[in-house]
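Only one structure is covered here, and it is reproduced in the block below.
Residue numbers run from 1 in the order of the sequence given. Below, all heavy atoms of this structure are taken into account, side chains as well, without hydrogens, waters or symmetry copies.
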Amino acid sequence: MNAPSISDRGPRRFGWPQRVFSQVLLMQLAIITGVTVLVTGLFLAPLSAQLDDEAMRRALAIAQSTAAQPGIAEDLRTTEASASGPVQTAAERIRRATGAEYVVVMDRRGVRWSHPETDRIGEVVSTDPGDALRGREVMEIDSGTLGRSARGKVPLRGPGDEVVGAVSVGIEYDSVRARLLGAIPGLLAYAGGALAVGALAAYLISRRLQRQTHDLAFSDISALLTEREAMLHSIREGVVALDGTGRIRLLNDEAQRLLGLGPEAAGRPLAEVLDGGRTADVLAGRVVGDDLLAVQSGRVLLANRMETDDGGAVVTLRDRTELEHLGRELDSTTGLIDALRAQDHEHANRLHTLLGLLELEMHEDAMEFVTEVVGVHRATAEQVTEKVQDPLLAALLVGKATVAAERGVSLRLAPGTLLPDRVVDPRGLVTVVGNLVDNATDAAAGSGDARIEVGLRAEGRTVVLRVRDSGPGIAPEQYASIFTEGWSTKDLPAHGKRGLGLALVRRLAERQGGSVTVAGADGGGAVFTVVLPEALAGRETADPATAPHPATTGDSR
């Protein structure tokens with residue numbers, strides 16, 4: 001489905017932006033502006049109250065100084081209130097010296113003896129002087145004949161500390177307001193600078209966020225997260241995400257199944273949830289390459305690791321167990337076809353021989369020839385079933401002997417071989433024996449006196465398996481590496497992968513608490529020894545039909 005063109009979407013509507021970058025930038029600018037305005041307001045509010053208090057205290061101090069002037073109280077009692085009187089002269093001198101708006105001296109009746117406007121001398125003051133005349137000092141913001149002012153009022157005391165009047169001093173309130181307004185430009189300059197720095201920081205942070213989110217909208221990110229969860233938990237491929245410290249960030253359902261882990265593995269270090277081995281090395285990046293093979297809990301996994309920008313990695317896992325099984329079957333089928341083709345020639349030769357004997361009427365010789373041919377195969381099968389009583393293992397060894405014989409390799413049981421029909425996991429043992437015999441056949445084929453010797457014996461409930469071949473052997477320095485996934489000395493088979501057979505043998509042995517080792521054989525070749533504790537059931541509990549399915553067989557050399 002094609003996306004609609006721009007012309008089909010209708011007119012562009014302006015509103016709240018959709019991009020993460022734009023939304024975050026706008027929100028940061030709104031927060032910075034709001035904080036700046038709030039801080040400015042919180043600073044101005046106490047500044048105004050502080051300036052008011054400072055003006056009232058100044059007025060009170062001037063009034064106290066005036067009341068303390070010697071002679072004012074005496075002049076108030078001995079002279080008349082006039083524009084040229086000593087009280088007015090003294091009050092005006094103080095007013096001009098201090099910059100006060102007015103200095104008013106009044107008697108006990110509240111009549112002014114001084115005032116900046118001389119025509120108001122002799123009149124009663126416009127505000128109540130009661131508190132000052134009762135001997136208390138007063139600070140206030142009030143309005144009078146000269147307008148609103150910050151005022152200080154103190155009692156004027158005469159001889160004997162008696163109150164003979166009061167002094168009221170006013171500081172023009174416009175000057176207080178002017179100081180406040182004069183502080184605002186500087187304050188706004190600082191606030192503007194802080195706002196500019198904050199806006200620049202918000203822009204830089206938003207630009208970084210824009211690059212990290214690829215300029216997506218919040219709805220796009222939400223949709224991507226929803227789609228990612230649906231995709232990761234629905235695909236049939238394991239996905240493991242690791243952070244830069246090797247801790248598991250993400251583990252989808254298929255990865256949990258393939259690795260045998262639970263959801264609680266997320267958030268834990270990789271080394272803590274996986275035992276040491278090739279699988280852990282591949283996931284951790286200690287083994288590099290494409291399509292790396294690993295075996296985990298009997299499963300054959302194909303792993304690919306991709307590094308991420310933050311130092312972590314994403315590993316994808318594919319289950320190749322069934323594919324490997326089919327590949328092994330294809331290899332076995334190819335070998336079986338070659339063996340059948342050889343047997344076809346052999347069978348044709350025998351039929352021609354038998355026909356010739358019959359045409360020559362050598363009937364007794366013909367009977368002996370048939371008896372000999374049939375008897376050899378029957379003797380081999382009877383020998384195997386007599387010493388290996390488990391039917392699956394016996395059938396495997398008979399078939400492997402036939403295939404080995406067609407490749408010029410003699411397969412025989414070692415002396416002392418005896419395995420009762422009490423195997424707990426016969427199919428698992430078939431996997432182990434089949435892998436080792438296939439490896440031995442490949443190693444021995446083409447050598448002089450090519451032979452394989454298989455030994456199976458029971459030691460209590462423990463099964464000890466030894467497979468010896470007459471091949472070129474294995475170098476001692478390779479004893480530790482041959483059981484590693486991907487190690488092989490042979491050409492690639494039809495299914496394109498090798499190096500799994502011995503790894504599976506080791507995993508199957510370890511899963512049962514056993515072990516597998518390799519050593520050199522006397523006269524050349526290699527000897528593989530597998531010890532499987534508790535591989536045999538007690539006589540009263542033996543039931544091969546209940547044995548679990550094994551992993552696939554394979555080779556590793």
(request) Could you tell me whether the side chain of L317 reaches within less than 4.5 Å of the side chain of V315, counting heavy atoms only? (result) yes
Could you list the donor-acceptor pairs under 3.5 angstrom formed by side chains in residues 80-87, with sequence neighbours left out?
{"residue": "S82", "atom": "OG", "partner": "G85", "partner atom": "N", "Å": "3.1"}

(message) If you compare all heavy atoms of A132 against all heavy atoms of P155, which two are closest, and at what distance to 0.1 Å?
(response) O-CB, 3.1 Å
(message) Tell me every residue that passes side-chain hydrogen bond (donor to acceptor under 3.5 Å, both in side chains) with E307, counting only those two or more places apart in sequence or in another chain.
(response) R305
(request) Could you check if a side-chain atom of V240 sits within less than 4.5 angstrom of a side-chain atom of L259, using non-hydrogen atoms only? (result) yes
(message) What I'd like to find out is whether the side chain of T118 reaches to under 4.5 Å of the side chain of Q88, using heavy atoms alone.
(response) yes
(message) Going by side-chain hydrogen bond (donor to acceptor under 3.5 Å, both in side chains), name the residues that satisfy it together with T78, two or more places apart in sequence or in a different chain.
(response) none
(message) With rounding to the nearest 0.5 angstrom, report the CD to CD1 distance, E264 to I248.
(response) 10.0 Å
(message) With a 4.5 Å cut-off on side-chain heavy atoms, are L156 and V163 touching?
(response) no
(message) Do the side chains of D243 and R249 get close enough for a salt bridge, i.e. N-O under 4.0 angstrom?
(response) no
(request) Scan for side-chain hydrogen bond (donor to acceptor under 3.5 Å, both in side chains) pairs involving residues 102-112, sequence neighbours excluded, and state none if there are none. (result) Y102-R151, D107-R109, D107-W113
(message) Counting C-beta onward and ignoring hydrogens, is there a side-chain heavy-atom pair between P116 and E101 closer than 4.5 Å?
(response) no
(message) Quick one, E123 and V111 - any side-chain contact, counting heavy atoms below 4.5 Å?
(response) no
(request) Decide yes or no on side-chain contact (heavy atoms from CB on, under 4.5 Å) for R318 and N304, but give the supporting numbers first. (result) CA-CA 9 Å; R318 280 176 283 171; N304 284 281; 3.4 Å; yes
(request) Search all heavy atoms of G514 against all heavy atoms of P533 and return the closest pair with its distance. (result) CA-CD, 3.4 Å
(request) Quick one: pull up CG in D75 and CD in Q69 and give me the separation to the nearest 0.5 Å. (result) 11.0 Å
(message) Nearest 0.5 angstrom please: S114 OG to M106 CE, how far?
(response) 8.5 Å
(message) Between R120 and V125 (side chain of the first, backbone of the second, donor and acceptor by atom type, cut-off under 3.5 Å), is there such a pair?
(response) no
(message) Rounded to the nearest 0.5 Å, what separates atom CD1 in I72 from atom OG1 in T66?
(response) 6.0 Å
(request) Taking salt bridge (Lys or Arg N to Asp or Glu O under 4.0 Å) as the test, write out the residues that go with D161, two or more places apart. (result) R157
(message) Can a donor-acceptor pair be found, under 3.5 Å and without considering hydrogens, that links the side chain of N252 to the backbone of V239?
(response) yes
(message) With heavy-atom distances below 4.5 Å as the criterion, would you say the side chains of V505 and V530 are in contact?
(response) yes
(message) Let's go through S149 and I171 carefully: what are the C-alpha distance in whole Å and the side-chain angles of both, what is the deciding distance for side-chain contact (heavy atoms from CB on, under 4.5 Å) to 0.1 Å, and is it a yes or a no?
(response) CA-CA 5 Å; S149 60; I171 302 296; 5.9 Å; no
(message) Please find the pair of heavy atoms, one from E117 and one from H115, that lie closest to each other, and give the distance.
(response) N-ND1, 2.9 Å
(message) Could you measure the distance from the CE atom of M306 to the OG1 atom of T308? Nearest 0.5 Å is fine.
(response) 10.5 Å
(message) Go through it in stages, so that I can follow the logic: the residues are E140 and K153, the test is salt bridge (Lys or Arg N to Asp or Glu O under 4.0 Å), and I'd like the CA-CA distance, side-chain angles, deciding distance and then a yes or no.
(response) CA-CA 9 Å; E140 61 183 359; K153 297 179 182 179; 3.5 Å; yes
(message) In the structure I gave you, are the side-chain heavy atoms of L283 and L274 within less than 4.5 Å of one another anywhere?
(response) yes
(request) Go through the steps for R57 and E54 under the test salt bridge (Lys or Arg N to Asp or Glu O under 4.0 Å), then give the verdict. (result) CA-CA 5 Å; R57 290 185 181 278; E54 181 183 340; over 6 Å; no
(message) So, using side-chain hydrogen bond (donor to acceptor under 3.5 Å, both in side chains) as the criterion, who are the partners of R268 when residues are at least two apart?
(response) E272
(request) With rounding to the nearest 0.5 Å, note down the distance linking CG in L270 to CG in L242. (result) 5.5 Å
